[in-house]
Every structure is written in structure tokens, then in C-alpha cells.
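These notes concern the structure reproduced below.
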Amino acid sequence: TPLEEVVSTEEQTIPIEEQIPDIPEIDIEIPENLMPEEFDVSEISEFEVFVEDIPVIEDVVEPDFEFEDEVQTDIKLYVDGQGGKDISDGGFSYIMQCGDYERIDSGFVANTTKQRMELQSVITALSALTTKCNVKIYTTSQYLIVPFLKGWISRWKANDWKKESDEEIKNKDLWEELYELYSNQNIEWEFIKPGSSIVEILRCIDLSKEALAQRI
């Protein structure tokens, strides 16, 4: 089945068939409990907020989340990226849970940044999905989550991946790839405060650091 690869373990592959109700399109309005109190402006200082009447090259088309299959699957995705703000070595990881089963992956990248590793963690995980799923992504990365919560990523795409100043956004290649994957899934974001004791987040941090240390 299309889900076999997602829920496989090293020793066996167990297909998941789970019926769940349809859910609405992703809401990228700014949650009152997240913006702006819980975010440090310095962490997202390179982003420029679009004003309401900023012209765009084309109309913004929101992703269509109509499911093609009757079988829909709930996925919990925990992600992490490690590295420096400037160019250095980096590591990334994710833990993807589907029912009682989980998929774990991590990786090392030379000459990169922490921000790119945060993006790469989600890209690698979503690339493993072979069918549309309901995916809830848990992250401590303000850099990763704010463009979705604020709706900036849709404006970047419509504006040829440029900011209001007409400057190309940083890490354009990864933002483009992530947007394509995000558009094919039904995604909800959950911001986790750094320092949280959520087990899966702590495991991801350890996995990323291990990949970075072992350069694998």
C-alpha cells in the first residue's frame, strides 16, 4: 500500500488502514496565542512582513486538500535541526509517528546553517510520504514555523520567492521544495517552546547532534 514505506520498521512493514473524518483546509491565520508574544523578533529578523496591498505577480492559490483516497492517515511529525547561524556543519532529524509505529531518520550536511537544517528535517520527512495524510508538525524552530503561521510563504511564492523589498529570500531552494511538499499534504503546525520536556523533541535533538558528531 502507499503507506507501507511510511510506517515500516527495520524488521517489518505494517500497513495502516485507518478511517478518519475529512478535515478542513489548513488555516494560516495568526493564532492569538502564538503571535507575537511567544516569538523572538530577532530569530526572524531576516523576514519582511508584507503589507496588505503589496502587489504580487500572480494570484495566491491556496493548496487544495481534497483527498483522493478513502483511507486517510494521521501522522505526528517531530523535527529538529542543529548547526550554526553562520556556515558550519549541521545535522537534522525527524520522528514520524503513525499509530503505534514510527519512522526515524537523521542526517549530516557540511557547509550549511541551522536554518537550512531545520528546513531539511521537514523536507526529508514529508518526502517519505507516498500518499496524502493529515500531518501535525511539532517544532521549536521559529524560523521554520512563522512564515506558515503568518501566511508569508504564499506571498513569497506569488512574488517569485522575493520579499517586499524585491530581494530574493534566503534559502530559496529549500523553501520552494518545502512549499511543494506542504501543498500536497494536510498540515497543521504546533510551536513547541525551546526547553520543552516533550520526549520526541528531546529525542530529535539527540539524533541531530549524534548525526552531526558522527558526520553520517
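Both backbone and side-chain heavy atoms feed into the values below; hydrogens, waters and symmetry mates do not.
Remark: Lys162 does not engage Glu167 in a salt bridge, criterion side-chain N to carboxylate O under 4.0 Å. A salt bridge links Asp173 with Arg116: the distance from a Lys NZ or Arg NE/NH1/NH2 to an Asp or Glu carboxylate oxygen falls below 4.0 Å.
The shortest side-chain heavy-atom distance between Lys209 and Leu212 does not fall under the 4.5 Å cut-off. The shortest distance between side-chain heavy atoms of Lys76 and Ile95 does not fall below 4.5 Å. Looking at heavy atoms from C-beta onward, Thr139 lies out of side-chain contact with Glu190 at the 4.5 angstrom threshold. The shortest distance between side-chain heavy atoms of Arg155 and Asn159 does not fall below 4.5 Å. Put simply, the side chain of Val135 does not reach to within 4.5 Å of the side chain of Asn186, judged on heavy atoms. Side-chain contact check for Trp175 versus Pro147: some heavy-atom pair is nearer than 4.5 Å. Under the 4.5 Å side-chain criterion, counting only non-hydrogen atoms from C-beta, Val109 is not in contact with Asp89.
Atoms CD1 and CE, from Ile137 and Met96 in turn, are 9.0 Å apart once rounded to the nearest 0.5 Å. Note that the CG atom of Asn134 and the CG atom of Asp74 stand 5.0 Å from one another [nearest 0.5 Å]. Annotation: the span from Ile145 atom CD1 to Tyr138 atom OH amounts to 11.0 Å, rounded to 0.5 Å. Summarising the geometry, atom NZ belonging to Lys193 is positioned 11.0 Å from atom CD belonging to Gln142; distances are rounded to the nearest 0.5 Å. For the atom pair Thr112 OG1 and Ile87 CD1, the distance stands at 6.5 Å (nearest 0.5 Å). Separating the SG atom in Cys133 from the CG atom in Asn184 is a distance of 11.5 Å, to the nearest 0.5 Å.
Gln97 pairs by the side-chain hydrogen bond (donor to acceptor under 3.5 Å, both in side chains) definition with Glu102, Glu200, not counting sequence neighbours. With sequence neighbours excluded, no residue forms a ring-ring contact (aromatic ring centres under 6.0 Å, His included) with Phe108. With sequence neighbours left out, Thr124 forms a side-chain hydrogen bond (donor to acceptor under 3.5 Å, both in side chains) with Gln120.
Judged purely by distance below 3.5 Å, without hydrogens or angles, the side chains of Tyr143 and Asn171 pair a donor atom with an acceptor atom. A side-chain donor from one of Ser208 and Asp80 sits under 3.5 Å from a side-chain acceptor of the other. Between Glu176 and Trp161, the side chains place a donor N or O and an acceptor N or O closer than 3.5 Å (distance only, hydrogens not considered). Tyr94 and Arg103 share a side-chain donor-acceptor pair at under 3.5 Å.
Remark: the backbone N or O of Asp206 is not paired with any side-chain donor or acceptor of Gln82 at under 3.5 angstrom. At least one donor-acceptor pair under 3.5 Å links the side chain of Ser127 to the backbone N or O of Ile123. Judged by distance alone, the side chain of Lys114 and the main-chain N or O of Gly81 form a donor-acceptor pair under 3.5 Å.
Shortest non-hydrogen contact noted between Ala125 and Leu77 is CB-CD1, 3.5 Å. Across every non-hydrogen atom of Phe92 and Ser121, the tightest pair is CD1-CA, 3.9 Å. Taking each heavy atom of Leu202 and Ser196 in turn, the nearest pair found is CD2-O, 3.7 Å. Shortest non-hydrogen contact noted between Ser93 and Ser106 is CB-CB, 3.7 Å. Here the shortest heavy-atom pairing between Cys204 and Tyr78 reads SG-O, 3.3 Å. For the residue pair Gly84 and Ser88, the shortest heavy atom distance occurs at N-OG, 3.1 Å.
Within the 6.0 Å centre-distance limit, the rings of Phe148 and Tyr182 are counted as a close aromatic pair.
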